[in-house]
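So the structure is just underneath, and the comments pick up after that.
In listed order, ligands and their atoms are each counted from 1.
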Amino acid sequence: MIVRKLQDILGTERDVQAKTWCSRRLLLAEDGMGFSMHHTVIYAGTETHIWYQNHLEGVYCVQGTGSVELLDSGEVFRIEPGTLYALNKHDNHMLRAETDLHLICSFNPPLVGTEVHDENGVYATAEQMKQAAA
Ligand code: 9YT
């Protein structure tokens, strides 16, 4: 069994920093679960363009308020504690945080580690990351 505490991850390479968010990666591909699980904080007052073309993501809000806009349709959904959204169609979206948004995020396929979004809000596949490092 794997037991991990947020405290053990803070400040390590599993604590990934980006401009508008940080992501504490509690479970990654190397943990062998078939999905990854993260505690992500989206910073208050920010907007983040995200479009996971290579991954599916489920997002559950445990603290804070904001919204998610589907960029193809213009639909906007409010996010508050107890809200889940799942990007089951690789949806192109804009995530906005009114206050710090604490989100529990799970990815399939699992993230391998240090991914941050590219300029289009996309994460590379594990294979693409390997090729880029070679
Ligand atoms: C909700 C979302 O996708 N935020 C961006 C960070 C991502 N959840 C991650 O890498 O943990």
Side-chain angles (χ1 to χ4, degrees):
M1 182 160 66
I2 299 167
V3 178
R4 241 171 230 143
K5 310 231 175 203
L6 179 62
Q7 207 56 37
D8 302 334
I9 286 172
L10 298 178
T12 71
E13 61 182 13
R14 284 179 177 240
D15 182 3
V16 175
Q17 311 292 324
K19 202 167 160 198
T20 57
W21 51 264
C22 64
S23 173
R24 292 80 169 254
R25 296 182 168 159
L26 290 149
L27 287 174
L28 285 170
E30 66 187 15
D31 295 312
M33 296 293 291
F35 59 88
S36 60
M37 184 177 287
H38 322 159
H39 180 163
T40 296
V41 183
I42 311 288
Y43 301 136
T46 63
E47 62 176 24
T48 306
H49 175 218
I50 303 173
W51 192 5
Y52 295 129
Q53 294 166 29
N54 304 312
H55 298 82
L56 300 170
E57 185 194 25
V59 179
Y60 183 67
C61 175
V62 293
Q63 191 181 319
T65 57
S67 65
V68 57
E69 177 180 354
L70 290 176
L71 293 177
D72 288 343
S73 67
E75 273 178 294
V76 177
F77 300 90
R78 181 160 178 78
I79 300 172
E80 58 193 7
T83 305
L84 167 96
Y85 67 87
L87 301 162
N88 59 334
K89 294 183 179 157
H90 301 283
D91 312 81
N92 184 12
H93 62 288
M94 188 69 79
L95 185 56
R96 298 188 173 93
E98 294 165 359
T99 62
D100 277 359
L101 263 181
H102 289 253
L103 305 173
I104 307 304
C105 308
S106 187
F107 281 80
N108 170 19
L111 296 198
V112 297
T114 51
E115 291 97 336
V116 289
H117 300 158
D118 71 9
E119 67 280 7
N120 298 313
V122 181
Y123 284 145
T125 60
E127 196 49 46
Q128 287 166 338
M129 287 182 72
K130 254 189 255 161
Q131 281 168 6

4.5 Å side-chain heavy-atom contact, L70 and F77: yes

Do L111 and H38 make a side-chain contact, defined as non-hydrogen atoms from C-beta onward lying under 4.5 Å apart? yes

Hey, are R14 and D31 close enough for a salt bridge, meaning a charged N less than 4.0 Å from a carboxylate O? yes

In terms of atom number and element, which parts of ligand 1 are under 4.0 angstrom from non-hydrogen atoms of H38? 9 (C), 10 (O), 11 (O)

Report the distance from atom CH2 of W21 to atom CG of L103, rounding to the nearest 0.5 Å. 11.5 Å

Is the ring pair F107/Y52 parallel, tilted or perpendicular, if the boundaries are 30 and 60 degrees? perpendicular

So if I count the atoms of ligand 1 from 1 in the order they appear, which ones are less than 4.0 Å from some heavy atom of I50? 2 (C), 3 (O), 4 (N)

Distance from N108 atom CG to M33 atom CE, nearest 0.5 Å? 12.5 Å

Taking 4.0 Å as the limit for heavy-atom contacts, which would you say applies to I42 with ligand 1: side chain only, backbone only, both, or neither? side chain

Please say whether W21 places an N or O atom under 3.5 Å from an N or O atom belonging to ligand 1. no

Using a strict cut-off of 4.0 Å, indicate which atoms of ligand 1 neighbour a heavy atom of S23. 9 (C), 10 (O), 11 (O)

Heavy-atom distances under 4.0 Å are what count here, so tell me which part of T48 touches ligand 1: side chain, backbone, both or neither. neither

For ligand 1, which atoms, with element, lie under 4.0 Å from some heavy atom of R25? 9 (C), 10 (O)

Less than 4.0 angstrom from a charged side-chain N to a carboxylate O is my criterion; do E98 and R96 meet it? no

Y85, any N or O under 3.5 Å of ligand 1 N or O: no

Relative to the heavy atoms of L95, which atoms of ligand 1 are at a distance of less than 4.0 Å? 1 (C)

